[in-house]
Every structure is written in C-alpha cells, then in structure tokens.
Amino acid sequence: MRILVTVKHVPDLQSNRSFTDGTVTRTAEDGSMNELDEHAVEAALQLVEEAGEGEVYALTLGGPDAVSAVRKALQLGAHHAIHVSDEAVAGSDVFGTAMVIGAAVRKVHAEAPLDMVITGMAALDGLTSMFPTALAAELDWSQLTLASAVSVADGEATIERHLPDAHETVTAPLPAVVSVTDEANKPRYPNFKLIMAARKAEVPVWTLADLGIDPALVGGGAARATVVDASERPPRENRRQVTDKGEGGRELAEFLIEKGLA
Ligand SMILES: Cc1cc2nc3c(=O)[nH]c(=O)nc-3n(C[C@H](O)[C@H](O)[C@H](O)COP(=O)(O)OP(=O)(O)OC[C@H]3O[C@@H](n4cnc5c(N)ncnc54)[C@H](O)[C@@H]3O)c2cc1C
C-alpha cells in the first residue's frame, strides 16, 4: 500500500492576520501543519499498518518555511517527505495548486505506483475544500470526498460519508484521491524517536523545472480569480466585558435577560 498525503502549511489562526497585495501575509515564524491534515496522515498510516506493508509520503507545496508541515508528518510516522517550492507558484489559485501538486504526485507514481492520495477536508486558512476535487480532476483519478471512514479491498477504496440527512457508503477503483474529515480517526502523538529523526531528515525540494511545468501556467498571473480588494475586519462594536468579582454570573444572566436571550 503506497499512499501520498498532502499537508498544507498554514498561518497560526490565533494570530492577527494582515494582507499584502490581496493575499495573506505569510511569515516564516508563525505557521504550522494544517491541523485537519493530521487526520489525513493518520488515515494513511492506519491503512498501511492494516495492509502490513507500504509507505506513506507527505507532500507540501509552499514557501521555504512550509517544510515544517512535512517534518510534522514525519514526526507522526510518515516515511518520506517532499517539499515542492518555487517562487513562481506564489499567488496560484486552486487550478495552479492542483497542477503543481498533480505533477509531483505523477512523479512519485512513476517511480512506483501509488494506491491513493489522501488529503484533509479543508485547509484552515483557505477553507474552500476545493483542492481534493481539483487534484482528482488533474490526475484523472477517482475521487472520494469527506470520508469519515476509509477502507481498501480488492483494488477498491470504500468510504463512509455523513451528510446532514443521509449516510452514504461510496466505493471507487484505485488509484483514488480521498479527503478525510476530522471524524475519520484520532491522530496519534509523535514519539520522541520520530521527533528527533524528523528534525534531521533530508527533505528534497522540487521546483517547477523538476516537475516540467511552465511557470507561466501557474502563479498569480495565471489565476482565474483575482483579489480586487482586501481589508482588515473592523473592530467589533457594542461589546460589554464583565470582570467577575463574585457577581459575574448574575451580571451575565441580567445581560442575557436584557437582550431577550434567556
Ligand atoms: C487569486 C488567488 C491568489 C492566491 N494566492 C495565494 C498565495 O499567494 N499563497 C497561498 O498559499 N495561497 C494562495 N491562494 C490560495 C490557494 O490557491 C489555495 O490555498 C489552494 O487553492 C488550496 O485551497 P485551500 O487552501 O482552500 O485548500 P482546501 O481545498 O480547503 O484544502 C483541502 C486539503 O488540500 C490539501 N492542500 C491544499 N493546499 C495544499 C498545499 N499547498 N500543499 C499541500 N496540501 C494542500 C490539504 O490536505 C488540505 O487539507 C490564492 C488563491 C487565489 C484565488
């Protein structure tokens, strides 16, 4: 079982965000692996463990600091890490992102066939959930999205998908792109040995030239969406802060009654 997991490097959601030329300002010190991608790594590790053989590749596309996302995946137990990075990719939309990651997936697949690509359900910065479908289209592979459980048998992947008013079981032939939700599993904690190994691991960096992609086809210039304007959210108004000096509960109850909320 050979599985590639895509892990995105995203800014710290608790920090104050700002924009540069319509895109989120990204700095080296404040990012980490998208939390939802821990479920993708865990799903891949479990499938390989159940199969009794195989390898998990973790791949990220991003600037120089994005390497920390794949190092986190190595800490969790991924066997290999790949960092795709090229200045010309900055500003890419979902199609550009899928073109670049798709080419990297094909490169790994050409060395030895992959059974599956597993992604998270959403990146907590972009939060579009568009990438898994765009990647499946780019690769011309089956897609199984928003899986709360995933299993493999007889050359097929089967997922369970919980919808607001339905429960679906969907099967597709391998190779497939599968996106998993946060219900899929409980990610494991990294152990000390893997943390130390991940710190020292050599992570190959692939550029557009390595992937045979014309830089004119990706990046902001090729994006089909343009950010016209972006501004910071105005400060919230009409807020009341209650400092509890023993009467906090009463004050809160009075506030809720006053607003007709109790
Ligand atoms: C005009 C425009 C300009 C943009 N400029 C930039 C920019 O300068 N810098 C920038 O970072 N983004 C930029 N973006 C956003 C970028 O296109 C999206 O991040 C990308 O399409 C993925 O979408 P998403 O983040 O919503 O991921 P989702 O679709 O919500 O992510 C689902 C899953 O896909 C995988 N995934 C997504 N992105 C990556 C990645 N890069 N590496 C590995 N796995 C991934 C993860 O497993 C994730 O859980 C721009 C978008 C537009 C429209």
(request) Tell me whether Val89 is reachable from Val84 by hopping between hydrophobic residues (I, L, V, M, F, W, Y) whose side-chain heavy atoms are closer than 4.5 Å. (result) yes

(message) Using the rule that Ile, Leu, Val, Met, Phe, Trp and Tyr join whenever any side-chain heavy atoms are under 4.5 Å apart, tell me whether Val108 and Val203 fall into a single cluster.
(response) no

Could you tell me whether the side chain of [X] and the main chain of [Y] form a donor-acceptor pair under 3.5 Å?
X: Ser179; Y: Leu146; answer: yes
X: Asn34; Y: Ala122; answer: yes
X: His109; Y: Leu114; answer: yes
X: Glu53; Y: Met1; answer: yes
X: Asp115; Y: Ile3; answer: no

Can you name the nearest heavy-atom pair linking [X] to [Y], along with the distance?
X: Gly120; Y: Pro132; value: O-CG, 4.1 Å
X: His83; Y: Gly62; value: NE2-O, 3.1 Å
X: Met116; Y: Ala157; value: CE-CB, 3.9 Å
X: Leu45; Y: Gly77; value: CD2-O, 3.4 Å
X: Leu208; Y: Pro215; value: CD1-CA, 3.8 Å
X: Glu168; Y: Arg161; value: OE1-NH1, 2.5 Å

Please tell me if the side chains of [X] and [Y] come closer than 4.5 Å, counting only heavy atoms from C-beta onward.
X: Pro190; Y: Leu76; answer: yes
X: Ile82; Y: Val70; answer: no
X: Asp37; Y: Lys72; answer: no
X: His162; Y: Thr181; answer: no
X: Glu183; Y: Met121; answer: no
X: Thr97; Y: Val100; answer: no
X: His39; Y: Ile118; answer: no
X: Val242; Y: Phe255; answer: no

Roughly how far, to the nearest 0.5 Å, is [atom2] of [Y] from [atom1] of [X]?
X: Leu174; Y: Glu156; atom1: CG; atom2: CD; answer: 7.5 Å
X: Lys8; Y: Thr119; atom1: NZ; atom2: OG1; answer: 12.0 Å
X: Thr6; Y: Leu61; atom1: OG1; atom2: CG; answer: 10.0 Å
X: Glu38; Y: Tyr189; atom1: CD; atom2: OH; answer: 9.5 Å
X: Ser148; Y: Asn185; atom1: OG; atom2: CG; answer: 10.5 Å
X: Thr226; Y: Asp93; atom1: OG1; atom2: CG; answer: 9.0 Å

(request) Check whether NZ of the Lys or CZ of the Arg Arg224 lies under 6.0 Å from the centre of the six-membered ring of Phe95 and within 45 degrees of that ring's axis. (result)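 Satisfied, under 6.0 Å and within 45°.
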
(request) Inspect the contact between Glu251 and Lys245 and indicate whether a charged nitrogen and a carboxylate oxygen are less than 4.0 angstrom apart. (result) no

(request) Give a yes or no on whether a salt bridge exists between Arg240 and Glu254, defined as a side-chain N under 4.0 angstrom from a carboxylate O. (result)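 Salt bridge between Arg240 and Glu254, a charged N being under 4.0 Å from a carboxylate O: no.
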
(request) Please step through side chain to side chain contact (heavy atoms under 4.5 Å, CB included) for the pair Val218 and Ile213, ending with a clear verdict. (result) CA-CA 8 Å; Val218 297; Ile213 294 179; 4.3 Å; yes

How about [X]: does its [atom1] atom have over 12 heavy atoms from other parts shown lying under 6.0 Å from it?
X: Asp244; atom1: CG; answer: yes
X: Arg106; atom1: CZ; answer: yes
X: Glu49; atom1: CD; answer: yes

(request) Could you go through the side chain to side chain donor-acceptor pair (under 3.5 Å) check for Thr133 and Gln143 one step at a time? (result) CA-CA 7 Å; Thr133 295; Gln143 60 164 311; 2.9 Å; yes

(request) Apply the side-chain contact (heavy atoms from CB on, under 4.5 Å) test between Leu59 and each candidate in Val117, Val7, Leu4; give the one that qualifies. (result)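 Only one of Val117, Val7, Leu4 forms a side-chain contact (heavy atoms from CB on, under 4.5 Å) with Leu59, namely Leu4.
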
(message) When you compare the side chains of Glu42 and Gln46, does any donor N or O come within less than 3.5 Å of an acceptor on the partner?
(response)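 Yes, because at least one side-chain N or O of Glu42 sits under 3.5 Å from a partner of the opposite role on Gln46.
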
